[in-house]
J.: 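The structure's right below; bear with me while I get my questions together.
Sequential numbering from 1 along the given sequence is applied to the chain's residues.
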Amino acid sequence: MNATLIDEETRSSTRDGVEQLGTEICALAGQIAAATARFLTLLAKFDEDRGWTGPGLHSCAHWLSWKCGMSLHTGREYVRVAKALRSLPEMRKAFEQGRLSYSKVRALTRITTPSNEKQMVRFGCEAPAAQIDRLAAGLRKATDNESGKTKAPEHLQVRWHWDSNTGEFVIKGRLPAQDGARILAALALAERERTRTTATVTADETATKNPVGNIGPGLVAMAELATAAAADRPSKAAANEVVFFHEADSVRIPSGPVLSENDAEEVLCNAKLRLGTTKDGCVLNLGRRTRVVSAKQMLALNYRDGCCRTPGCGRTRFLHAHHVKFWGRGGNTDLDNLIMLCGTCHRALHDGQFTITALGEQKFESLCRRRRHRPSTANRGVRR
C-alpha cells in the first residue's frame, strides 16, 4: 500500500515538473517572438537608411551574413519579412506581443495584404504553423494560376557544392517536369548500360523502367557516356576532361577536396592525370596529360578479359584497368598486374569489400570477406 502511494506521488511530482518545463518553454518562445519582432523592426529601418552599405557589400543580407553570422538565404528572408511588416501594423503588434511566432509571420507575410490583414492575424493566432504553411503555399499557387504566373525561375535550378565536412559532392534542386522526364530516360539508359553483361543490346532491353532508389551510380554512368560521346565527336572545342592533381602524397580535385587514401588509390589506378608542381597550395606548373594505362594495354585487356573479372559480375561497360598491386604503392603497369573491373566492383575493392591477388602469368585470385573463390586464369586467348 505504501509503495503504491509513493509511486503515485513520484509520478505526480514528475508530471508537475514536466508541466512546469512546458510552461517555461512556451513563455520563452513568446519572448523570442517579441525579441525577433523588435529585431525585424530595427532591420527594416536599417535597410531603408542603407546602413549596410560598404566595400564589397551588395545588400543588407550580405551585411547580416558578415556581422550576424547568418546564411544569405536566412538574411534575405529576414529582410523580406521586415519590409512586409512595415505595412501590416496588426500583424506586427501580434508578433511583438508574442502571439505570433516568426515561423507563422514568415508564411503569412507571403499572402497577407492590408485588406485581409485582420483575418490572417486571427487565423495565425488559432492555427498551427504547419497548417499556415500549407495554406500559404496553396493560396500562392492559386493566385499564380489565376494571374497566369509561373513559378519563379530561381526555384527551377540545380546546384552543386563540395561538403566542407566530408569532402563529398552534393547536388540538389528541382527542374520542370518535362526536363525531369528526359533525365529519367537518360538515367534508365545509363543504368542499363552500366549493368549490362552482354556485348550487344538485345531486343528485350529496349524498354527500361525509371530508376528507383539510389541513382548515384547511374548518374556517374550517364556522365561517362556524355564525356565519351563528346570526346569522339569532331569539334573545334575540346571536350571537358576529368583532371586530378597528384601532389606529393595526396590526390585532390581542382578547387575541390583532397581525396581519402582509398579514393586516391582508385583514381590512380585508371585515370587521366595532370601532375602539378605546387607550393603552399599554389599551382606553379601543370604538366602534360598522362594516362597510367596506355591505349595498347587497354586494348590487350579488353581482348583478354572482355568483362568485369569479379566472380559473378560479368559487366561489359565502364570497365577500369585495376592495378592489383596499387600503382600508388609501386605496382607495375603490365598485364601481370592489371585486371578489368567495372566501376562498382572497382570501388568495392578499394573500400575493402574483397581483395585480388596476382599469382603470376596473368592469373589472379579473388578473395571475398565471406568465402574464397577459385583462382581464375586470365589467359583466355584472343577472341575470334
Side-chain angles (χ1 to χ4, degrees), residues 156 158-160 168-235 239-242 262-263 266-267 269-272 291 293 295 297-322 338-351 353-354 356 364 366 368 373 376 378 380 382-384:
L156 298 177
V158 178
R159 298 183 179 275
W160 65 270
E168 296 169 341
F169 180 74
V170 180
I171 181 170
K172 59 182 180 180
R174 61 178 66 223
L175 291 171
Q178 61 272 27
D179 292 342
R182 294 188 184 98
I183 290 177
L184 284 175
L187 277 171
L189 173 63
E191 183 66 14
R192 185 188 68 191
E193 289 296 298
R194 186 181 72 87
T195 57
R196 178 146 58 91
T197 58
T198 58
T200 58
V201 180
T202 58
D204 58 350
E205 289 182 321
T206 54
T208 307
K209 295 182 180 180
N210 288 337
V212 295
N214 179 22
I215 64 171
L219 194 63
V220 174
M222 188 167 67
E224 293 190 24
L225 286 172
T227 304
D232 293 339
R233 184 183 304 143
S235 174
N240 287 344
E241 60 181 359
V242 181
N262 287 345
D263 292 341
E266 177 190 345
V267 165
C269 263
N270 184 43
K272 296 177 181 178
R291 179 182 284 277
V293 180
Q297 288 173 324
M298 287 295 296
L299 182 61
L301 285 172
N302 282 323
Y303 273 111
R304 190 193 73 186
D305 294 343
C307 64
C308 176
R309 293 296 306 282
T310 303
C313 180
R315 291 176 180 172
T316 59
R317 297 300 306 273
F318 309 113
L319 301 178
H320 299 177
H322 169 66
L338 293 173
I339 191 170
M340 296 295 271
L341 299 176
C342 70
T344 302
C345 293
H346 196 191
R347 179 155 300 170
L349 183 143
H350 283 281
D351 286 341
Q353 297 182 24
F354 69 98
I356 295 178
F364 304 91
S366 299
C368 288
H373 295 284
S376 54
R380 302 180 180 178
V382 178
R383 293 185 175 184
R384 300 186 184 278

J.: My understanding is that only residues two or more places apart in sequence, or in another chain, count here; which of them pass side-chain contact (heavy atoms from CB on, under 4.5 Å) with Ala348?
T.: Gln353, Phe354

J.: I'd like to check Met298 versus Met340 (side-chain heavy atoms, cut-off strictly below 4.5 Å). Are they in contact?
T.: yes

J.: Can you see which heavy atom on Ala190 is nearest to which on Gly218, and at what distance?
T.: CB-O, 3.5 Å

J.: How long is the gap from CG on Leu301 to CZ on Arg309, to the nearest 0.5 Å?
T.: 10.0 Å

J.: For the CZ atom of Arg192 and the CG atom of Leu189, what is their distance to the nearest 0.5 Å?
T.: 5.0 Å

J.: Starting at CD of Glu191, measure out to CG of Leu184 and round the result to the nearest 0.5 Å.
T.: 12.5 Å

J.: Taking the side chain as everything from C-beta on, heavy atoms only, tell me whether Leu341 gets closer than 4.5 Å to Ile356.
T.: yes

J.: What residues form a salt bridge (Lys or Arg N to Asp or Glu O under 4.0 Å) with Arg315, not counting sequence neighbours?
T.: none

J.: Between atom NE2 of His346 and atom CG of Asp351, what is the distance when rounded to the nearest 0.5 Å?
T.: 10.5 Å

J.: Looking only at heavy atoms, what is the nearest atom pair of Cys307 and Leu319, with distance?
T.: CA-CD1, 3.9 Å

J.: Report the residues that fulfil side-chain contact (heavy atoms from CB on, under 4.5 Å) with Val220, sequence neighbours left out, ordered by chain and then residue number.
T.: Glu224

J.: What's the spacing between Asn214 CG and Leu219 CG if we round to 0.5 Å?
T.: 9.5 Å

J.: Working to the nearest 0.5 angstrom, can you tell me the gap between Leu338 CG and Arg304 CZ?
T.: 7.0 Å

J.: How about His350 and His322: do any of their side-chain heavy atoms sit closer than 4.5 Å?
T.: yes

